Structures are given as structure tokens and as C-alpha cells.
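Below: the structure, in C-alpha cells.
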Number of protein chains: 2
Amino acid sequence: MAGNTTSEGRPDLAAMIVPLGRALVAAELPVLREHGLAMWAYAVLLGLDDEPVRTQAALARDIGADKTRIIGVLDDLAERGLIRRQPDPADRRARVLSLTPAGRRMRDAVRSAIQQREERLLARLPEEDRRGFLNALQALAALPPSEISGD
Amino acid sequence: MAGNTTSEGRPDLAAMIVPLGRALVAAELPVLREHGLAMWAYAVLLGLDDEPVRTQAALARDIGADKTRIIGVLDDLAERGLIRRQPDPADRRARVLSLTPAGRRMRDAVRSAIQQREERLLARLPEEDRRGFLNALQALAALPPSEISGD
DNA sequence: ACCTATGGTAGGCATCTGCTTATCGTAAGC
DNA sequence: GCTTACGATAAGCAGATGCCTACCATAGGT
């Protein structure tokens, strides 16, 4: 790359990451459809990952969803027996969310199918890059969005 | 029940990358707004990066846009004197696209403002991770989407 | 010359997304 | 007890997006 007047010869992070994300999502969709899950439903299963309890608003915040929009998703998952939504005895406004055993199985099945595909992709990378990539990704993903946007 | 049937204890790539991308885009928006650019307009400026000529359909493919949807964006950019859209003497159907000097300046200004923010983020990473991250990212971003999705 | 493919453009549709408003029951502070 | 805040829910709006159809001018192969 020759004519780069800017600091380094790399494109914007977002310009690389967003299309990558799009492609990864596209790769997941067939897997999700096979299991009859929509993307947001899968995000919910991941968001409830083994952790004991929650409240719907907190779940929504965690997975970056709108609290009014996941209601239908939760309804569907509950109907299908993948999650439990029990009233919280301590706060009768709230519904405690948890995965059922079936939900856990579903999550594991889908996740391992997805990660299997991803491994094929990561296998293209040299060992050190792959390592740094995953480390950095986990570090950045752990940051609250505000730290990334409005530092 | 084995909690993690898969190799490592990492979340899905997409589950980390997509939110990261969202946050990075959110970080870019204020910068873009300051310069009066919409996201797709910026994508076009980046897509024309110094390269001499093109055709609108190819541009659209390159930046992952719909060819019928960038027309308005191109109209706008041309009106503002940021890009040139000349008929190709060799193929009178096509319009050769290029950045004007003003377009180049705009692109550079926005890009450096954006990358400056990104540097602050990358500074949080240990040197080796940062390196591997950027290497891997560039390698993956260079792959055609089909190689990522339907390996 | 003819047929087929491609580039640019317009128009439209179905969907998703972020956001807002309103309602209701309940918690918690005063 | 009253007021304010919060959780769950319903309903809806405005904008963006992917995708499709149609149309015309032109290229390119035969």
C-alpha cells in the first residue's frame, strides 16, 4: 500500500471489523436456522450463560438489545421450554431468568457447531497472530461500550 | 453435563466482534457528523482510496453496499465536489469514479481523526496482542466474505 | 444484425432497529 | 401514606437495509 499519508498503513478498525462481523453473522445464520433459533434468541441463550439469575432489563443491557424488543424473544424461548421466567420472590416486579436443561443443551449444540466453523477460519492464521487476536478480542469485548466509543 | 464441549473457553467470535464493531461505529459517528459525512459516504471515500478508476457496481461490491443504494450517496458526494464521476471513454455505460483533491483532504482528515481515537483504544493492549490483533484483522478483512461464511 | 450480459438509475417492499410514549404493578425513600 | 423510581409490557414511528423489478443505453460475442 503506497499512498498513505496517515500514520500507519492500516485501514480503520471499524472498516475491517464491521464487514468481518457481517460475514461471521452470515456464517452463523444457517446453523441457527437449523436449530430454529433467531439471532436475538441465540444472544439471549448466550447472555444467560450458566449464570444463576437476572432481570430482563439487565439481560437486555448485557446483550445490547432493547428491553422492549426482547420481550417477544423471551416469550418464544419460554414457550419452547428453553428458558424459565419465574417471578422473583424478593422483588415481585422482576422475572428471574434462567436456562432450562433443554436451553443449555441447545446453547451448547449451537455454540459448538458455530465454533467449529470458526476454528477452520482461525486455522488460517499464524499461531502468534491467532493468539494475540483472541487475547485482544476478549479484552476489548470485555470493555463497556462507553469505554470504546467515548473514551 | 460437560459445560464446555468445545476446545477452549472463549465466546463466539461473532459475539465479541459484532458488539465491538457497533461500539467502534458509534465512536465514529460524531467525527463523521462534524464533517457532514454519512457512514456510507465515508465508506465510499475509503473505497476510492487513491486508486485511479472504477465502476459504480465494482465500488458497491468492494464496500459491501447495494449498487442501487449508493447512487444517491454518489450524487451527493459529486455535488459537494468530493468525488468526480466521469463517463468512461472506453465504455460509455460506465462512470469512472475518483476522489477530487477536496475529497482526498476530507478522507484524510476524517480518517486521521478516527484513527487517533482508535490508537487510544489499542494502547490498552499489550504490545504482542496488539500486533497479532492487527495482523489477524488485516488478514481476515482481506478475505472475500464467502471464504468466511461458507468455507 | 442479433442476442445476451452488464452498467446506471428509479421505485418499491418487507424487515429490522433504535427510540419514544403510555400503562400497570410494585419498591423504596420521605 | 404519598411521591418518585423501576420493571415488564404494548404499540408505534422513523430511518436504514437487503433485495427485487423494471428500464434504458451500451458492449461483446456470434
Side-chain angles (χ1 to χ4, degrees), chain A residues 14 18-19 21-23 25-30 32-33 37-44 47-48 53-79 83-98 145-146 149, chain B residues 14 18-19 21-23 25-30 32-33 37-44 47-48 53-79 83-98 145-146 149:
Chain A
V18 172
R22 258 199 270 275
V25 166
E28 291 192 0
L29 286 181
L32 291 175
R33 191 158 7 238
L37 284 183
M39 185 55 84
W40 281 118
Y42 180 52
V44 165
L48 293 178
V53 293
R54 299 260 190 132
T55 146
Q56 293 184 190
L59 206 219
R61 217 178 313 116
D62 287 356
I63 66 177
D66 186 290
K67 77 172 182 172
T68 75
R69 287 213 170 270
I70 56 166
I71 294 179
V73 177
L74 296 177
D75 288 345
D76 178 57
L77 288 173
E79 259 178 43
I83 67 171
R84 229 185 317 262
R85 186 155 49 161
Q86 310 158 305
D88 181 347
D91 182 342
R92 294 202 313 214
R93 295 171 301 180
R95 310 295 186 83
V96 179
L97 302 171
S98 56
S146 55
S149 308
Chain B
V18 172
R22 257 199 269 275
V25 167
E28 291 192 0
L29 287 182
L32 291 175
R33 194 163 7 241
L37 284 183
M39 184 56 84
W40 280 120
Y42 181 53
V44 166
L48 293 179
V53 293
R54 299 263 188 129
T55 145
Q56 294 184 190
L59 207 218
R61 219 179 311 115
D62 287 355
I63 66 177
D66 187 290
K67 78 169 182 171
T68 75
R69 286 214 170 268
I70 54 167
I71 293 180
V73 178
L74 296 178
D75 289 346
D76 179 57
L77 288 173
E79 258 178 43
I83 66 171
R84 229 186 315 263
R85 187 156 47 162
Q86 311 158 304
D88 182 348
D91 183 341
R92 294 203 313 216
R93 295 172 300 180
R95 311 296 185 83
V96 179
L97 302 171
S98 55
S146 55
S149 308

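All chains are named by letter (A, B, ...) in the order of the sequence lines, taking the proteins before the strands, and each is independently numbered beginning at 1. Every heavy atom of this structure was used, including side-chain atoms; hydrogens, water molecules and symmetry mates were not. Keep in mind that this is a model prediction, so the values were computed, not measured.
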Checklist entry - Rounded to whole angstrom units, what separation is found between the NZ atom of A:Lys67 and the P atom of D:dT9? => result 11 Å
Checklist outcome for this item: Atom CD of A:Gln56 and atom P of D:dA10 are separated, to the nearest Å, by 10 Å
Next on the checklist: Which heavy atom of A:Glu28 sits nearest to which heavy atom of B:Ala14, and what is that distance?
Outcome noted: OE2-CB, 3.1 Å
Checklist entry - When the distance from CD of A:Gln86 to P of D:dA8 is rounded to whole Å, what number comes out? => result 14 Å
Checklist outcome for this item: Of the candidates C:dT9, C:dA5, C:dT20, the side chain of A:Thr68 sits closest to C:dT20
Checklist entry - B:Trp40 side chain N/O closer than 4.0 Å to the phosphate oxygens (OP1, OP2) of D:dT17? => result yes
Item to check | Spacing of A:Ile71 atom CD1 relative to C:dT17 atom P, expressed in whole Å | outcome: 16 Å
Next on the checklist: Of the listed nucleotides (C:dT26, C:dT20, D:dC19), which one gets closest to any side-chain atom of A:Asp66?
Outcome noted: C:dT20
Checklist entry - DNA chain D: A:Asp75 or A:Ala94, which has the more 5' nearest nucleotide? => result A:Ala94
Checklist entry - Going by heavy atoms in the side chains, are A:Val96 and A:Arg84 under 4.5 Å from each other? => result no
Checklist outcome for this item: Checking C:dT9, C:dT6, D:dG7 against the side chain of B:Arg93 (C-beta onward), the nearest is C:dT6
Next on the checklist: Looking at B:Arg92, I'd like to know whether one of its side-chain N or O atoms comes within less than 4.0 Å of OP1 or OP2 on C:dT6.
Outcome noted: no
Item to check | Distance, nearest 0.5 Å, that separates OG1 of A:Thr55 from NZ of A:Lys67 | outcome: 9.0 Å
Checklist entry - Do you know which of B:Leu37, B:Val44, B:Ile83 makes side chain to side chain contact (heavy atoms under 4.5 Å, CB included) with B:Val73? => result B:Val44
Item to check | Value in whole Å for how far the C1' atom of D:dT9 lies from CD1 of A:Ile70 | outcome: 12 Å
Checklist entry - Over how many whole Å does the gap from B:Arg22 atom CZ to C:dC16 atom P extend? => result 15 Å
Next on the checklist: From the set C:dG25, D:dA8, D:dT17, return the single nucleotide nearest to any side-chain atom of B:Arg69.
Outcome noted: D:dT17
Item to check | Rounded interatomic separation in angstrom, taking CZ from A:Arg95 and C1' from C:dT26 | outcome: 12 Å
Checklist entry - Reckon B:Thr55 has a side-chain N or O less than 4.0 Å from the OP1 or OP2 of C:dG8? => result yes
Next on the checklist: Would the distance check show the side chain of B:Arg54 and the main-chain N or O of B:Gly47 forming a donor-acceptor pair, the cut-off being under 3.5 Å?
Outcome noted: yes
Next on the checklist: Between C1' on C:dG7 and CZ on B:Arg54, what's the gap in Å once rounded to a whole number?
Outcome noted: 16 Å
